[in-house]
Amino acid sequence: MAIGAGPRKTGGVSQTGYGAGTIARMHSALPGRVPLIVDVDTGIDDSLALLYAVASDEAELLAVTCSAGNVDARQVAENTRAVLELAGRPDLEVALGREVPLARPLETTPETHGPRGIGYAELPPARMPLSTRHSADLIIEAARARPGEITMVTLAPLTNLAVAVLREPALPRLLRRLVVMGGSYRSPGNTAPTTEWNVYVDPEAARVVFAAFGDPSLPARPLALGLDVTERAKLTPEHLERLAALAGDDAAAPKSPIIRYLVDALRFYMEFHSRYDGFYGAFIHDPLALAASLDPALVRAEALTVEVELGGTFTTGETVTDWRRVWRKAPNVDVAVEADATTFMNRFVERVARLAAARAGVAS
Ligand code: BDR
Ligand code: CA
């Protein structure tokens with residue numbers, strides 16, 4: 001979206017609910033833009049990824065699906081819609097899916113993202129409607145309507161995508177590409193010693209997705225950004241000050257709605273990182289994955305064979321990676337091993353600042 005264009009109202013969209021086929025009606029192909037469906041568990045860094053997507057001219061954001069993870073799925077849907085309204089996109093379809101992992105009880109992480117998932121931030125209750133479609137149906141129907149065009153980006157446990165591919169096994173061929181924030185390939189975990197959060201919450205779903213999307217007969221492998229690269233995307237108070245200044249605001253006394261949101265949400269996230277990771281700042285995992293879905297040159301990836309551990313004593317949810325090719329199996333995942341964090345951080349600061357400036361005078 002061109003920043004400054006404000007909320008979009010698209011013909012044919014009901015203001016009270018969405019039904020099947022909405023995406024197909026709302027969007028014809030836009031040359032040069034990347035059609036995206038993003039699955040989130042909003043979540044502070046998920047909310048930053050949504051702002052980045054809205055702020056990126058080359059992104060054609062089609063819809064957002066909500067998974068349980070950082071907070072329960074209903075709260076994720078509330079946060080997601082409130083953030084999209086803040087960003088000026090109340091027209092987007094936001095859907096809920098299965099509200100618990102495939103085979104395990106749900107765990108959430110209030111210590112990381114706050115009890116409601118957005119740190120210390122307060123946002124007005126969401127007014128935009130929740131889709132009447134299940135997330136899995138939305139993903140399948142959108143992919144069928146635009147075969148080979150849509151990039152799916154998952155920033156959450158893989159529950160929704162697993163349900164979708166179990167219902168429609170042709171999904172990997174119907175989507176153009178899959179980009180996953182999840183796993184920990186050559187670096188320690190952040191939830192258990194070898195396990196990253198999104199895979200930890202629903203390892204069975206991750207196993208289903210990696211198997212289905214990693215089928216060697218498919219034209220492209222999924223791109224996975226694990227902690228190996230996402231922990232290089234470190235947002236510091238200096239980044240936030242620069243972002244606020246570029247938006248014509250002041251991080252110490254923010255006035256515009258987006259800057260106020262960022263300051264309050266990130267204060268919580270930075271305090272968390274200061275307690276658990278030894279620095280006052282924040283890893284912004286999800287925005288890096290979103291950015292890489294728009295510009296794959298931000299990362300360098302290696303084709304590898306990855307299996308998700310389901311029966312470990314201490315390692316359930318580990319993304320076991322065959323670095324030495326001892327299994328001699330065809331690779332099923334492109335694992336990001338390097339990231340251009342400086343380019344990404346500059347882009348993040350500039351784009352979100354432009355969006356914040358454009359939305360500064362708009363009541364939220
Ligand atoms: C992932 O876990 C969540 O807490 C973040 O939103 C991110 O998607 C990082 O491990
Ligand atoms: Ca997330």
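In listed order, ligands and their atoms are each counted from 1.
- At a heavy-atom distance under 4.0 Å, only side-chain atoms of Asn190, from C-beta outward, approach ligand 1.
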Output a table of donor-acceptor pairs, distance under 3.5 Å, between side-chain atoms of residues 206-216 and any protein atom two or more places apart or on a different chain; print 'none' if there are none.
from: Arg207; atom 1: NE; to: Val308; atom 2: O; distance (Å): 3.2
from: Arg207; atom 1: NH2; to: Val308; atom 2: O; distance (Å): 3.0
from: Asp215; atom 1: OD1; to: Ser217; atom 2: N; distance (Å): 2.8
from: Asp215; atom 1: OD1; to: Ser217; atom 2: OG; distance (Å): 2.9

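- Interface of Met181 with ligand 1, defined as ligand atoms under 4.0 Å from a residue heavy atom, comprises 1 (C), 7 (C), 8 (O), 9 (C).
- Nearest protein heavy-atom contact of atom 6 (O) of ligand 1 is Asp45 OD1, 2.5 Å.
- Asp322 has its side chain out of reach of Lys329: every pair of non-hydrogen atoms, C-beta onward, lies at least 4.5 Å apart.
- Inside a sphere of radius 3.0 Å centred on the Ca ion (ligand 2), the protein N/O/S atoms present are Asp41 OD1, Asp46 OD1, Asp46 OD2, Leu155 O, Asp286 OD2.
- Closest to atom 10 (O) of ligand 1 by heavy atom, among His113, His285, Glu231, Glu196, is Glu196.
- Backbone and side-chain nitrogen or oxygen atoms of Asn198 are examined, and one is located within less than 3.5 angstrom of a nitrogen or oxygen of ligand 1.
- For an aromatic pair to be called close, the ring centres must be under 6.0 Å apart, and Phe272 with Phe268 fails this.
- Side-chain atoms of Arg177 never come within 3.5 Å of backbone atoms of Ile150 as a donor-acceptor pair (strictly under, hydrogens ignored).
- Ranking the protein heavy atoms by distance from atom 4 (O) of ligand 1 puts Asn70 OD1, 2.7 Å first.
- In this structure, CG in Leu223 is found 8.5 Å from CG in Leu178, a value given to the nearest 0.5 Å.
- Residues forming a ring pair (Phe, Tyr, Trp, His ring centres under 6.0 Å) with Phe279 (at least two apart in sequence, or on another chain): His273, Phe283.
- Looking at Leu36 and Glu60, their side chains never come closer than 4.5 Å, going by heavy atoms from C-beta outward.
- Contact annotation: for Thr112 versus ligand 1, there are no heavy atoms closer than 4.0 Å.
- Arg221 is not listed as a side-chain neighbour of Asn332, based on a closest heavy-atom distance of 4.5 Å or more.
- In this structure, CZ in Arg98 is found 7.5 Å from OG1 in Thr159, a value given to the nearest 0.5 Å.
- With sequence neighbours left out, Thr195 forms a side-chain hydrogen bond (donor to acceptor under 3.5 Å, both in side chains) with no residue at all.
- The contact set between ligand 1 and Trp197, taken as ligand atoms under 4.0 Å from a residue heavy atom, comprises 2 (O), 3 (C), 4 (O), 10 (O).
- Using a non-hydrogen distance threshold of 4.0 Å, Thr109 does not register as a contact of ligand 1.
- Between the side chain of Thr42 and the backbone N or O of Asp46 there is no donor-acceptor pair closer than 3.5 Å.
- Heavy-atom contacts of Asp286 reach the following atoms of ligand 1: 5 (C), 6 (O), 7 (C), 8 (O) (cutoff under 4.0 Å).
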